[in-house]
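Each remark here refers to the structure printed beneath this line.
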Amino acid sequence: MGKKIGILTGGGDCPGLNAVIRAVVKSAVIRHAWQVIGIEDGFDGLLDLAKCKPLTLKSVQGILPRGGTILGTTNHGNPFCYPVEQNGKTINVDYSDRVIDNIRALGINALIAVGGEGSLKIALELSKKGIAVVGVPKTIDNDLQETDFTFGYNTALETATDALDKLHSTAESHHRVMILEVMGRYAGWIALESGIAGGADVILIPEIPYRLEPVCTAIKNRSARGSRFSIIVAAEGAFPDGGSRIVAKQAEDCSSVERLGGIGHYVAKQLEQCLDMDVRVTVLGHLQRGGSPTTFDRALASRFGVKAVQMIADGQFGQMACLRGRNIITVPIENATRDLKLVDPDGEIVRTALDLGIMLGR
Ligand code: F6P
């Protein structure tokens with residue numbers, strides 16, 4: 001008998017989400033003749049049946065190159081810890097049973113959760129409560145274990161590298177130090193790889209707490225050699241040795257996460273003390289999450305979407321699709337979400353950066 005499957009996109013958006021949705025609908029309908037229900041606004045949509053609507057081949061027409069997600073998303077709602085107003089106060093309630101009742105009421109046989117670490121942890125909890133769930137790894141941060149790459153990361157890298165190319169010309173004209181603050185949360189992948197690709201002189205990542213003195217010396221040495229400008233990439237999660245991360249907004253409760261941001265301006269202030277040069281800061285922000293996905297991300301997202309449908313057909317629940325080398329394989333969601341995939345401070349990419357003469361803050 002034909003299945004009915006649900007799909008939701010959770011957490012921060014990223015380029016390629018629509019490519020996954022399209023691939024899921026196409027392979028579910030074309031290969032298996034299944035129905036697909038699109039759930040709006042992440043897990044929140046499962047608390048409101050009006051947000052769960054059929055997706056057809058027509059609904060996904062033309063969405064492959066579009067950034068964002070036609071289903072909407074949120075990085076707040078966690079049904080196991082849902083914020084509710086009660087007597088003028090916000091309390092957190094476990095609504096997971098309501099979610100499960102709604103999945104059953106909709107007749108959904110299996111759920112595809114497209115998300116990063118936070119959303120996949122929720123998916124895992126639902127699977128422990130008996131829901132047939134499969135995961136698809138998404139995030140510009142590339143910080144999920146078990147997969148070589150998450151989709152969205154490659155597009156974010158392109159955006160950051162393009163910004164570095166543009167900053168180079170103006171930095172050189174004005175003999176300035178330009179700092180580019182990029183996203184990535186607690187991982188330095190975007191900063192490190194865009195910094196290498198964009199010819200940065202200094203890259204600061206969370207995995208290597210930086211010391212100011214060698215950074216200043218490196219910039220002074222460049223000036224002395226005749227390169228009177230420098231480009232610094234600072235991951236939003238970077239922090240000084242012995243100091244702490246700069247948090248733009250604290251997490252309010254268990255349904256939200258802390259927001260990082262501000263390291264670019266912090267480093268600029270520090271550098272102004274030790275350098276006799278103009279320093280300017282660009283915070284790349286959500287530009288990294290927007291725009292059309294690159295070819296790599298479109299292909300990866302499409303392969304993940306098709307694999308997720310195949311995993312349902314094969315009964316591989318509680319598992320996540322992932323990229324290993326050139327192959328798409330499956331791994332337990334539990335393994336992918338146990339801890340974050342961070343840059344190895346002694347690994348090959350870091351050594352590459354060092355051998356290119358890039359200063360990494362130590
Ligand atoms: O996880 C993706 C990400 O873009 C991080 O790199 C960043 O720290 C965070 O989300 C920003 O979240 P928000 O959309 O809430 O500002």
Side-chain angles (χ1 to χ4, degrees), residues 5-14 17 20-21 24 37-49 51-52 69 71-84 90-106 108-147 150-152 185-186 251-259 289 304-305 308 311-312 316-322 330-341:
I5 65 173
I7 176 168
L8 62 81
T9 53
D13 70 342
C14 78
L17 283 165
V20 178
I21 297 167
V24 164
I37 302 291
I39 298 148
E40 292 172 5
D41 300 339
F43 291 97
D44 277 13
L46 286 169
L47 292 169
D48 179 357
L49 291 179
K51 287 186 165 190
C52 306
T69 161
L71 291 175
T73 186
T74 170
N75 51 10
H76 295 298
N78 175 351
F80 289 88
C81 178
Y82 200 81
V84 180
T90 305
I91 57 159
N92 291 91
V93 182
D94 182 353
Y95 275 159
S96 56
D97 286 339
R98 194 182 287 188
V99 162
I100 289 168
D101 289 348
N102 283 344
I103 291 174
R104 299 216 164 109
L106 287 160
I108 290 176
N109 307 113
L111 177 68
I112 297 175
V114 188
E117 185 234 358
S119 306
L120 291 174
K121 274 186 171 153
I122 297 170
L124 179 63
E125 290 312 308
L126 286 177
S127 105
K128 285 182 183 161
K129 291 189 86 165
I131 297 297
V133 177
V134 303
V136 171
K138 158 246 69 157
T139 167
I140 64 162
D141 304 337
N142 199 36
D143 60 356
L144 267 172
Q145 288 286 0
E146 300 289 338
T147 187
T150 51
F151 72 86
R185 224 185 272 281
Y186 307 115
E252 277 154 15
D253 52 35
C254 51
S255 72
S256 63
V257 289
E258 70 180 9
R259 183 143 47 83
R289 293 238 300 262
F304 279 160
M311 286 160 73
I312 294 175
Q316 290 183 289
F317 301 119
Q319 303 271 317
M320 181 187 91
C322 70
T330 61
V331 293
I333 297 177
E334 188 137 34
N335 296 1
T337 55
R338 202 167 284 136
D339 46 28
L340 293 176
K341 180 181 73 184

Which pair of non-hydrogen atoms, one from [X] and one from [Y], has the smallest distance, and what is that distance?
{"X": "P83", "Y": "T90", "answer": "CB-CG2, 3.8 Å"}
{"X": "V136", "Y": "M320", "answer": "N-CG, 4.3 Å"}
{"X": "F43", "Y": "A123", "answer": "CZ-N, 3.9 Å"}
{"X": "A132", "Y": "N109", "answer": "CB-O, 3.4 Å"}
{"X": "L71", "Y": "I39", "answer": "CB-O, 3.8 Å"}

Review point. Do R98 and L46 come within less than 4.5 Å of each other through their side chains, counting heavy atoms only?
Key: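 SC-SC contact between R98 and L46 ruled out.
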Point to revise | Y82 vs S255 side-chain heavy atoms within contact, under 4.5 Å | key: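 SC-SC contact between Y82 and S255 ruled out.
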Point to revise | Sidechain N-carboxylate O distance under 4.0 Å for K51, D44 | key: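 Salt bridge flag = no for D44 with K51.
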Review point. Are Q145 and D339 close enough that a side-chain donor and a side-chain acceptor fall under 3.5 Å?
Key: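 Judged by distance alone, the side chains do pair up.
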Practice item. Say whether E117 and T337, considering side chains only, have a donor N or O and an acceptor N or O under 3.5 Å apart. Key: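 Note: E117 and T337 side chains miss the donor-acceptor criterion.
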**Study point:** salt bridge (Lys or Arg N to Asp or Glu O under 4.0 Å) evaluation trace for D13 with K138
**Key:** CA-CA 8 Å; D13 70 342; K138 158 246 69 157; over 6 Å; no
Review point. At what distance, to the nearest 0.5 angstrom, does CG of D97 lie from CZ of F80?
Key: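 Answer rounded to 0.5 Å: 8.5 Å.
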